[in-house]
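Please read the structure below before turning to the comments.
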Amino acid sequence: MSAQLKVYNSLTRQKEIFKPINEGAIGMYVCGPTVYSDVHLGNCRTFVSFDVIYRYLLHLGYKVRYVRNITDVGHLEGDVDTGAEDKISKKAKLEQLEPMEVVQKYMNGFHDMMAVFNTLKPSIEPRATGHIVEQIEMVQTIIDNGFAYEKNGSVYFDTVKLAKEGDYGKLSGRIIEDLLVETRDLKNQQEKRHPSDFAIWIKAAPEHLMHWNSPWSVGFPGWHLECSAMSTKYLGNNFDIHGGGNDLKFPHHENEIAQNHGACNCQPANYWLHTNMLLMNGKKMSKSIDPETGISNSIAPEELFTGDNPNISKGYSPMIVRFFMLQSHYSSTLDLTDGALSAAEKAYRRLMEGNKILQELAHPGKESAGDLDKEVNELIDLAYAEMSDDFNAPKALARLFELVPKINGLKAGHLAFDQITADTIEKLKATFNTFIFDIFGLQDDTVAGGGDGEYETLDGLMQMVIKIRQSARENKDWGTADTIRDTLKALKLQLKDGKEGTAWSKE
RNA sequence: GGUCGGGUGGCCGAGUGGCUAGGCUCAGGUCUGCAAAACCUGCUACCGCGGUUCGAAUCCGCGUCCGACCUCCA
């Protein structure tokens, strides 16, 4: 735990020194997906970003309770007042499934995708439908505290009252007067006192599939309520970190803050972290077809892996995609292009290859803390310091890349081992393993996949082939040697002739 | 229309007042039977116009373009 951890807090709009409420422990809540369709690649970026944050907090030695919810009711499409429809409900009708079948289907898909991206599972993954009781209780408390009112079976949060007594709009920078002016069709606003008020309990229309009994009506909770209720239940009234995509800042997170204020006059999270959007070819991903090119500016994760999409020239493995995401800061937009992905692929290979070489380096013994030793130590320290500076993964990654030539140089003999100590070499090995696998959460897919001895089998085979080729080379039988090399290349296995023999790797 | 955040070299992407990441691409070289890999070397950029400053990619103003959200429209 070298440097002080700093985070950019969306709430205060500045970088702050991170201080957990309880020494050594952190409560973190991240808004999870609404499981009404296949997981969007942009969502994957958000969860990969928080996975790196989670991993780094764990690395720092914190005990982290990471709560990420599943929204399986209440997320509406359109406006409540004008006959909006629950996303899950709508899908259920469309696919002629039970709402819970829809939820299960897409939740499974989401979990599979999270595993593919090698994200750690959250400590608790609560579902909105499993916390209806807590939500009803919270609605009642908010009413009792005078921050909500019931009308025709629905309950609305009184934003104007909060604006007078607290500060509604603080997170998103919205001003209540502006929100009030943004009124349109008044006839649809009959139930609300103010246009900026939002529903926390909604009376169900007869055709609505998902509904529960409550003191006000047979209905269902408003979308924003679940996060307030569940974060309070598992992390308490006041916890450390709340995260999510920045498209959730308003209204979702703003309203969460309002609800918590209304329920207990407290501020839910001390630090709000927001990830930025993933673009494609410079634009927001959109499923609609471009009339000029005839293709849509969107891609599903699976298509990204298989290459089955007109926006890319080939498939990129999940780890390449994860690496690609690590090259930008979580709070910046990231532009997905074929060129950027193929650059990431090469860089990823180079890093993995560098690590493999590093782990096999053995210090010959004659050592001194020379310039090289100093440089390597400085780069290692910098990498940690930058990761502690608002989780700056791209910067930390850059340090690793600055270390790769040193590793290669030592192996090739350009750099002298007597300029570096054995301890530093060991520290470097540990640093690379820690960053690549523990913090960045990458896996090496340049070796054979699967595990279970597959790699050993393949390696044994390769060693045999390399031996055969070597004897052909010694006999100057270039034809045989090249045929072996070309055949392997076609199988995406690359041979690398070096001074100390031939190595191989998967392309 | 409103709120917020951005425009960095051929491409992606860090960087917030002087020391100017990293990856990919490209060019030259070393090594090598050839190639690949590896290594070495080269490539100095910050949307436009003003301003502040000894000094600005970095701060301020205006313009412009892009994105997200809230609207509007459909």
Side-chain angles (χ1 to χ4, degrees), chain A residues 8 10 13 15 42 79 169-185 195-196 198 245-254 274-286 288 320 323-351 353-354 357 379 382-383 386 389-390 392-415 472-479 481-482 485-486 488-489 493-500 502-505 507:
Chain A
Y8 180 83
S10 303
R13 286 159 218 267
K15 219 180 259 183
D79 195 331
K170 189 180 176 190
L171 177 70
S172 57
R174 265 152 236 265
I175 299 158
I176 192 82
E177 283 77 13
D178 293 343
L179 291 171
L180 293 177
V181 171
E182 281 167 15
T183 315
R184 60 278 187 202
D185 214 343
S196 56
F198 58 93
N246 77 171
D247 53 338
L248 295 178
K249 252 192 206 174
F250 188 88
H252 186 59
H253 291 159
E254 195 67 71
H274 286 98
T275 58
N276 215 132
M277 299 294 103
L278 180 69
L279 306 178
M280 184 181 232
N281 300 318
K283 286 186 210 138
K284 184 192 177 185
M285 286 196 205
S286 160
S288 56
I320 292 169
F323 178 90
F324 166 70
M325 291 172 176
L326 288 166
Q327 282 183 302
S328 73
H329 189 78
Y330 73 85
S331 66
S332 299
T333 52
L334 173 60
D335 193 11
L336 185 97
T337 60
D338 192 54
L341 283 169
S342 94
E345 174 171 30
K346 290 190 179 151
Y348 165 74
R349 296 245 144 85
R350 182 151 185 249
L351 181 66
E353 202 53 40
I357 291 167
L379 285 169
L382 268 177
E386 286 161 346
D389 184 11
D390 198 23
N392 201 326
K395 256 187 148 180
L397 236 194
R399 299 307 165 202
L400 260 43
F401 272 105
E402 286 183 72
L403 286 161
V404 167
K406 317 267 182 229
I407 293 165
N408 289 328
L410 281 169
K411 194 205 174 195
H414 299 293
L415 295 174
R473 290 177 75 201
E474 278 160 14
N475 295 327
K476 299 213 194 293
D477 180 2
W478 309 129
D482 291 354
R485 190 172 67 198
D486 295 345
L488 289 174
K489 176 126 180 104
L493 294 164
Q494 191 185 47
L495 292 183
K496 299 174 200 177
D497 296 328
K499 279 198 177 124
E500 295 123 41
T502 303
W504 69 277
S505 70
E507 258 184 36

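This structure is a prediction, so every number in the text was calculated from the model and none was measured. Any value given below was found using the heavy atoms of this structure, including those in side chains, with hydrogens, waters and symmetry copies removed. Throughout, a chain's letter reflects where its sequence line sits, starting with A, and its residues are numbered from 1.
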Does a side-chain N or O of [X] approach OP1 or OP2 of [N] to a distance below 4.0 Å, or not?
| X | N | value |
| --- | --- | --- |
| A:N246 | B:rA68 | no |
| A:K411 | B:rC39 | no |
| A:R349 | B:rA36 | no |

Report yes if the ring of A:W478 lies under 5.5 Å from the six-membered base ring of B:rG33 with planes under 30°, and no otherwise.
yes
Rounded to whole angstrom, note down the [atom1] distance from [N] over to [M].
| N | M | atom1 | answer |
| --- | --- | --- | --- |
| B:rA27 | B:rU8 | C1' | 23 Å |
| B:rC24 | B:rG13 | P | 16 Å |
| B:rG48 | B:rG7 | P | 13 Å |
| B:rC47 | B:rU41 | C1' | 33 Å |
| B:rA57 | B:rC72 | P | 43 Å |
| B:rC59 | B:rG22 | P | 23 Å |
| B:rG2 | B:rU71 | C1' | 8 Å |
| B:rA38 | B:rC31 | C1' | 9 Å |

Over all heavy atoms of both residues, which pair between [X] and [Y] is shortest? Give the atoms and the distance, please.
| X | Y | answer |
| --- | --- | --- |
| A:L336 | A:L278 | CB-CD1, 4.3 Å |
| A:I407 | A:G354 | CG2-O, 3.6 Å |
| A:A481 | A:A472 | N-CB, 4.3 Å |

Regarding [N], can its base be found pairing with the side chain of [X] as donor and acceptor, where the two atoms are less than 3.5 Å apart?
| X | N | answer |
| --- | --- | --- |
| A:N392 | B:rG15 | no |
| A:R485 | B:rC34 | yes |
| A:D497 | B:rA35 | yes |

Counting heavy atoms from C-beta on, name the nucleotide in [options] closest to the side chain of [X].
| X | options | value |
| --- | --- | --- |
| A:N408 | B:rG33, B:rC4, B:rC39 | B:rC39 |
| A:F324 | B:rC12, B:rC39, B:rA14 | B:rC12 |
| A:R350 | B:rA38, B:rG33, B:rC12 | B:rA38 |
| A:Q327 | B:rA38, B:rC24, B:rG22 | B:rG22 |

Output the rounded distance in Å from [atom1] ([X]) to [atom2] ([N]).
| X | N | atom1 | atom2 | answer |
| --- | --- | --- | --- | --- |
| A:L336 | B:rG13 | CG | C1' | 14 Å |
| A:L403 | B:rC39 | CG | P | 13 Å |
| A:R399 | B:rG23 | CZ | P | 11 Å |
| A:F401 | B:rG23 | CZ | P | 7 Å |
| A:E353 | B:rA38 | CD | C1' | 10 Å |
| A:W504 | B:rA36 | CH2 | P | 22 Å |
| A:K489 | B:rA35 | NZ | P | 14 Å |
| A:K283 | B:rG7 | NZ | C1' | 16 Å |

With heavy atoms under 4.0 Å as the rule, sort [X] into base, sugar-phosphate or nothing.
| X | answer |
| --- | --- |
| A:S332 | sugar-phosphate |
| A:A398 | base |
| A:L248 | nothing |
| A:K476 | nothing |
| A:D335 | sugar-phosphate |
| A:E402 | sugar-phosphate |
| A:R473 | base |

Parallel, tilted or perpendicular: rings of A:H274 and A:H253 (30°, 60°):
tilted
Can you tell me the pairing partner of [N] across any strand shown, Watson-Crick or G-U wobble, with both distances under 3.5 angstrom?
| N | result |
| --- | --- |
| B:rU52 | none |
| B:rC34 | none |
| B:rC69 | B:rG2 |
| B:rC43 | none |

Judged by each residue's nearest nucleotide on RNA chain B, which is more toward the 5′ side, A:D389 or A:A412?
A:D389
Contact nearer the 5' end of RNA chain B, comparing A:K15 with A:I357:
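Result of the comparison: A:K15.
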Could you walk me through whether A:D497 and A:R473 pass the salt bridge (charged side-chain N to carboxylate O under 4.0 Å, His left out) test, one step at a time?
CA-CA 11 Å; A:D497 296 328; A:R473 290 177 75 201; 3.5 Å; yes
So do the side chains of A:D390 and A:H329 get within less than 4.5 Å of each other, counting heavy atoms only?
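A side-chain contact under 4.5 Å exists here.
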Any heavy-atom pair between the side chains of A:E345 and A:F324 that's under 4.5 Å?
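Side chain of A:F324 against side chain of A:E345, heavy atoms only: no contact under 4.5 Å found.
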Does A:L171 offer a backbone N or O that forms a donor-acceptor pair with the side chain of A:E254 under 3.5 Å?
yes
